[in-house]
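These numbers come from the heavy atoms of this one structure, side chains and all, not from hydrogens, waters or symmetry mates.
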Amino acid sequence: MTDNDWMRWPSREALSRVGVHKARRALSRFTRAILLAMLIATTFTNTKLNGWALAGGIAGIVACGFLAWGFWRTTLEHRLLPSLVLLALLLAIAAVGQSVGFRVPALVLWCGCAVSAIERLPLAAALPATAVALSAYASVNNDVWLTTAATTVGLALAGYVLRLDAEARAGAQRLLAQERAARVAETESAALAERARIAREIHDVLAHSLSAQLVHLEAARLLIERGADRGTILERVVAARGMAREGLAETRQALSALRGEMSPLEEFLGELVTTADGADVTVTGDRQPLPAEASQAVRRVAQEALTNVRKHAPGARIHIRLDYGEHEVTLDVRDSGGKPGELSGSGAGYGLLGMRERAELLGGSLDAGPGEEGFVVTLKVPV
């Protein structure tokens with residue numbers, strides 16, 4: 001046992017009634033009340049008392065009650081000196097009671113002080129106090145020495161057992177509090193993760209939709225500045241309007257996905273390529289339903305890749321290949337390349353970065369870079 005163990009107080013949870021069942025508390029209070037009533041009855045029936053002695057006995061009982069309550073409070077607050085002073089006063093009252101004829105209450109008080117000291121004080125202070133109390137008890141006890149020795153040892157062990165029991169109860173309470181805190185943290189973490197997922201879905205939908213609209217509106221602006229004919233400009237405006245409609249449809253799809261209601265991935269890609277000239281899609285492998293997060297990642301990457309082709313290589317042919325593997329699904333989007341469009345410099349370049357972060361959150365990867373002809377975007381997501 002280290003020096004810290006000798007000077008360590010029992011925890012506040014152990015010294016308080018935290019974690020004690022209400023029925024156990026009620027039983028403990030009832031037992032103490034019965035013992036106190038029996039003690040008082042035995043004292044005043046077996047001792048010849050006159051008026052002053054009776055008043056002194058009652059005053060002593062009241063004083064012991066207040067001192068015991070004070071000892072309970074000071075030990076709960078881990079205040080060593082006041083606790084020792086209160087314990088010394090209780091021992092002194094027992095000694096005075098013994099000298100004036102209150103033998104039974106004195107013996108009970110010494111035993112109670114011994115048990116309480118070893119139960120509630122640091123061991124370095126509890127052992128001397130317990131030794132003093134039990135020595136006083138043994139010096140006036142009329143039993144044979146073997147009985148007295150067994151009683152004193154039993155009282156010391158009882159106090160230590162109560163101390164260990166209280167510490168075990170306190171440990172259980174701390175574990176319970178930690179478990180509750182962990183559950184609360186887990187719930188909050190799950191809520192934050194769900195909020196982040198919803199925010200990511202809405203952000204991706206809006207980023208894709210608004211970026212596509214910006215492509216056509218910016219093109220319309222450039223055409224107006226160059227004095228292009230009305231039909232060409234109108235074509236761009238109509239395309240921007242179409243992108244707005246697609247954005248609303250994608251928002252509805254995202255909300256449906258959040259509710260777990262999504263169209264098949266192959267159907268989505270088929271609809272997606274119909275909006276892009278010169279695009280086709282190929283599906284290989286054994287088709288299987290994907291988790292919502294994986295399916296959404298594939299959809300968003302396909303949309304972002306098509307938007308980038310419109311911006312950086314307008315008119316290029318686009319081939320999309322979706323491959324269902326045994327442990328992962330792979331989306332490959334590649335274009336045939338071409339001259340940079342007028343809007344190739346627009347945008348902040350965060351689209352594919354966001355897609356890469358989404359893939360990494362799912363334990364997958366996203367690679368984007370030049371291919372043999374044009375640009376290649378490859379997404380791999382575990383399933």
Is there a donor-acceptor pair closer than 3.5 Å between any side-chain N or O of [X] and the backbone N or O of [Y]?
X      : Y      : result
Arg120 : Thr74  : no
Thr152 : Ala149 : yes
His78  : Ser11  : no
Glu360 : Leu366 : no
Thr148 : Ala138 : no

> Under the side chain to side chain donor-acceptor pair (under 3.5 Å) criterion, do Asp323 and Thr284 qualify, and how do the steps go?
Replying inline: CA-CA 5 Å; Asp323 177 58; Thr284 60; 2.7 Å; yes
> Any Lys/Arg nitrogen of Arg300 or Glu304 sitting under 4.0 Å from an Asp/Glu carboxylate oxygen of the other?
Replying inline: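 No, this pair does not count.
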> Any ion pair linking Glu225 and Arg221 (charged N to carboxylate O, less than 4.0 Å)?
Replying inline: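 So Arg221 pairs with Glu225 through a salt bridge.
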>> Let's go through Ser295 and Arg299 carefully: what are the C-alpha distance in whole Å and the side-chain angles of both, what is the deciding distance for side chain to side chain donor-acceptor pair (under 3.5 Å) to 0.1 Å, and is it a yes or a no?
In response: CA-CA 6 Å; Ser295 178; Arg299 296 165 193 255; 2.9 Å; yes
>> Assess the residue pair Arg183 and Glu179 against the criterion (salt bridge (Lys or Arg N to Asp or Glu O under 4.0 Å)); give the C-alpha distance rounded to whole Å, side-chain angles, the decisive distance to 0.1 Å, and a yes or no.
In response: CA-CA 6 Å; Arg183 288 180 179 177; Glu179 181 180 357; 2.7 Å; yes
> Can you tell me how far CH2 of Trp9 sits from OG of Ser83, rounded to the nearest 0.5 angstrom?
Replying inline: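 Going from the OG atom of Ser83 to the CH2 atom of Trp9 covers 4.0 Å.
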> Run the side-chain contact (heavy atoms from CB on, under 4.5 Å) check on Leu127 and Trp6 step by step: do they pass?
Replying inline: CA-CA 10 Å; Leu127 293 181; Trp6 286 100; 3.2 Å; yes
